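Here is the structure we will look at, set down as structure tokens.
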Amino acid sequence: MNVVTTISELRALLSAARAEGKTVGLVPTMGALHEGHASLVRRSVDECDVTVVSIFLNPTQFNDKQDLARYPRTLEADCELLRSCGADIAFAPSVEEVYTEPDHRVFSYPPTDSVMEGAMRPGHFNGVCQIVSKLFAYAEPTRAYFGEKDYQQIAVIRRMVADLGLSLEIVACPVVREASGLAMSSRNTLLTQQERAMAAHIYAALVASRAFAHAHSVAQTIQYTVARINAVAGLRVEYYSIVDGLTLADVQAWTDVPTVVGCITVYCGSKPIRLIDHISYRKEGEWL
């Protein structure tokens with residue numbers, strides 16, 4: 001596996017691959033890789049001739065400097081994991097390499113990027129679009145792979161790809177969970193053992209809410225889910241929204257749109273650590 005730190009090195013390697021007619025898969029990450037990331041890499045390796053994994057902790061998508069400062073940084077271990085998964089290139093540039101000058105571009109795709117995470121973290125999705133659009137320009141991938149844990153992020157990136165007229169496929173991959181049901185996340189490494197046990201209640205509540213939803217309204221289901229999670233000592237729901245799975249606009253009734261998804265953010269522990277998850281209630285008009 002090649003480990004490169006400059007855009008010119010990356011482009012040279014990929015230009016040679018494309019000259020041979022090879023397809024390119026890109027897996028954008030912020031590092032601190034885990035089995036969830038590994039599943040994306042393995043899928044790219046299976047479906048593409050060349051797999052590139054970017055490892056870049058993007059400062060423009062953090063509106064909380066403390067969150068950026070404590071985000072795990074494990075480059076050596078990340079590269080070992082990527083080698084074991086069969087990745088071809090790890091792209092690990094510096095901030096100075098990526099942002100040679102401030103990026104003043106503005107991306108706006110309401111309501112997709114203005115609700116939930118967009119409302120709670122002003123500027124977050126603009127930063128996501130800035131870095132992902134740069135990575136797409138550097139790698140010119142055939143396909144790009146993202147985990148569905150970041151459900152809203154995928155929806156925003158799809159809007160950006162359509163807006164910019166980019167010719168690549170966005171591949172959404174299923175959430176990978178720990179045995180307890182907790183969605184795998186780089187932030188999980190910041191949790192104590194006791195906090196991990198607390199955090200497992202998030203997905204348990206989401207699963208219970210899906211059964212509850214069959215006989216209750218959208219509003220009642222939101223109230224039930226929030227109350228169940230907040231009843232666990234050490235957990236506090238920031239928001240729980242039940243939305244159109246495509247646009248992410250709020251829904252009032254289960255039959256408003258074909259696909260209905262619940263998206264949640266919960267603070268866990270005394271630090272606290274911010275965790276996100278989601279669950280599908282209806283898909284193509286059918287209950288799940």
Side-chain angles (χ1 to χ4, degrees), residues 1-2 4 7 10-31 33-56 58 61 81-82 85-91 93 98 105 107-109 112-113 117 125-176 183-184 243-248 257-259 261 263 276 278 280 283-284:
M1 183 181 75
N2 290 290
V4 299
I7 299 163
L10 176 68
R11 283 177 164 158
L13 288 171
L14 294 179
S15 292
R18 275 190 289 270
E20 297 174 4
K22 293 181 177 179
T23 55
V24 175
L26 172 66
V27 183
T29 83
M30 294 201 298
L33 305 184
H34 50 69
E35 180 55 32
H37 296 108
S39 70
L40 306 182
V41 177
R42 286 193 288 264
R43 181 161 175 183
S44 176
V45 169
D46 286 344
E47 296 179 352
C48 303
D49 298 315
V50 177
T51 291
V52 182
V53 181
S54 62
I55 301 172
F56 181 69
N58 178 42
Q61 69 191 71
L81 177 63
L82 296 181
C85 293
D88 299 286
I89 303 170
F91 176 52
V98 173
R105 292 175 300 159
F107 298 83
S108 181
Y109 305 111
T112 310
D113 66 346
E117 291 296 283
F125 285 121
N126 195 65
V128 168
C129 288
Q130 286 177 345
I131 185 57
V132 173
S133 63
K134 283 176 176 287
L135 293 172
F136 288 170
Y138 303 156
E140 299 179 49
T142 312
R143 302 180 186 92
Y145 296 81
F146 296 88
E148 285 187 336
K149 180 180 75 67
D150 298 297
Y151 189 92
Q152 185 174 8
Q153 175 176 275
I154 295 174
V156 172
I157 290 170
R158 288 190 193 280
R159 290 283 302 274
M160 182 192 74
V161 166
D163 179 45
L164 299 180
L166 303 179
S167 59
L168 75 153
E169 179 185 357
I170 300 299
V171 182
C173 301
V175 179
V176 177
M184 287 194 173
V243 299
D244 180 336
L246 180 63
T247 68
L248 306 190
V257 293
T259 299
V261 177
C263 298
I276 66 173
H278 79 281
S280 295
K283 188 172 184 180
E284 297 175 358

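The shown structure was predicted, so the numbers you read here are calculated from the model rather than taken from an experiment.
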> Within the side chain of His278, is there an N or O that forms a donor-acceptor pair under 3.5 Å with the backbone of Glu148?
Replying inline: yes
> Are any side-chain N or O atoms of Thr51 and backbone N or O atoms of Asp88, one a donor and one an acceptor, separated by less than 3.5 Å?
Replying inline: no
>> So which atom in Cys85 and which in Val41 form the shortest heavy-atom distance, rounded to 0.1 Å?
In response: CB-CG1, 3.7 Å
>> Working to the nearest 0.5 angstrom, can you tell me the gap between Leu248 CG and Arg159 CZ?
In response: 9.0 Å
> Just how far is it from atom CD1 of Ile154 to atom CD1 of Ile157, taken to the nearest 0.5 Å?
Replying inline: 7.5 Å
> Which pair of heavy atoms, one from Pro28 and one from Ser54, lies closest together, and at what distance?
Replying inline: CA-OG, 3.1 Å
> Taking atom CG of Leu14 and atom CD1 of Ile89, what is their separation to the nearest 0.5 Å?
Replying inline: 4.5 Å
> How long is the span from the CZ atom in Arg43 to the SG atom in Cys48, to the nearest 0.5 Å?
Replying inline: 10.0 Å
>> With a 3.5 Å distance limit and no angle check, can you tell me whether Tyr145 reaches the backbone of Ser39 through a side-chain donor-acceptor pair?
In response: no
> Is there a donor-acceptor pair under 3.5 Å between the side chain of Thr112 and the backbone N or O of Ala155?
Replying inline: no
>> With a 3.5 Å distance limit and no angle check, can you tell me whether Asp113 reaches the backbone of Gln152 through a side-chain donor-acceptor pair?
In response: no
> From Asn58 CG over to Met30 CE, what is the distance, rounded to the nearest 0.5 angstrom?
Replying inline: 7.5 Å
>> Is the shortest side-chain heavy-atom distance between Tyr109 and Cys129 below 4.5 Å?
In response: yes
> For the residue pair Val261 and Ser280, what are the closest heavy atoms and their distance?
Replying inline: CG2-OG, 4.0 Å
>> Within the structure provided, determine whether Arg105 and Ser133 are in side-chain contact (heavy-atom separation under 4.5 Å).
In response: yes
> Please walk me through it: do Tyr138 and Val98 pass side-chain contact (heavy atoms from CB on, under 4.5 Å)?
Replying inline: CA-CA 10 Å; Tyr138 303 156; Val98 173; 3.9 Å; yes
> Do His37 and Val53 come close enough that some side-chain heavy atom pair is under 4.5 Å?
Replying inline: no
>> Taking the side chain as everything from C-beta on, heavy atoms only, tell me whether Thr259 gets closer than 4.5 Å to Leu246.
In response: no
>> Is the shortest side-chain heavy-atom distance between Phe107 and Val156 below 4.5 Å?
In response: no
>> Please determine whether side-chain contact (heavy atoms from CB on, under 4.5 Å) holds for the pair Thr247 and Val257, giving the CA-CA distance in whole Å, both sets of side-chain angles, and the decisive distance to 0.1 Å.
In response: CA-CA 10 Å; Thr247 68; Val257 293; over 6 Å; no
>> How close do Leu81 and His34 get, counting heavy atoms only, and between which atoms?
In response: CD2-O, 3.8 Å
> What residues, two or more places apart in sequence or in another chain, satisfy side-chain hydrogen bond (donor to acceptor under 3.5 Å, both in side chains) together with Thr23?
Replying inline: Asp49
> Considering only heavy atoms from C-beta outward, does the side chain of Arg18 approach that of Val24 to under 4.5 Å?
Replying inline: yes
> What heavy-atom pair brings Val50 and Ala17 nearest, and what distance separates the two atoms?
Replying inline: CG2-CB, 3.9 Å
> Could you give the distance from CD (Glu117) to OH (Tyr151), rounded to the nearest 0.5 Å?
Replying inline: 14.5 Å
>> Please find the pair of heavy atoms, one from Ala87 and one from Val45, that lie closest to each other, and give the distance.
In response: N-CG2, 4.1 Å
>> Angle between ring planes, Phe146 versus Phe136, binned at 30° and 60°: parallel, tilted or perpendicular?
In response: perpendicular
> Can you tell if the side chain of Ile55 reaches within under 4.5 Å of the side chain of Leu82, non-hydrogen atoms only?
Replying inline: yes
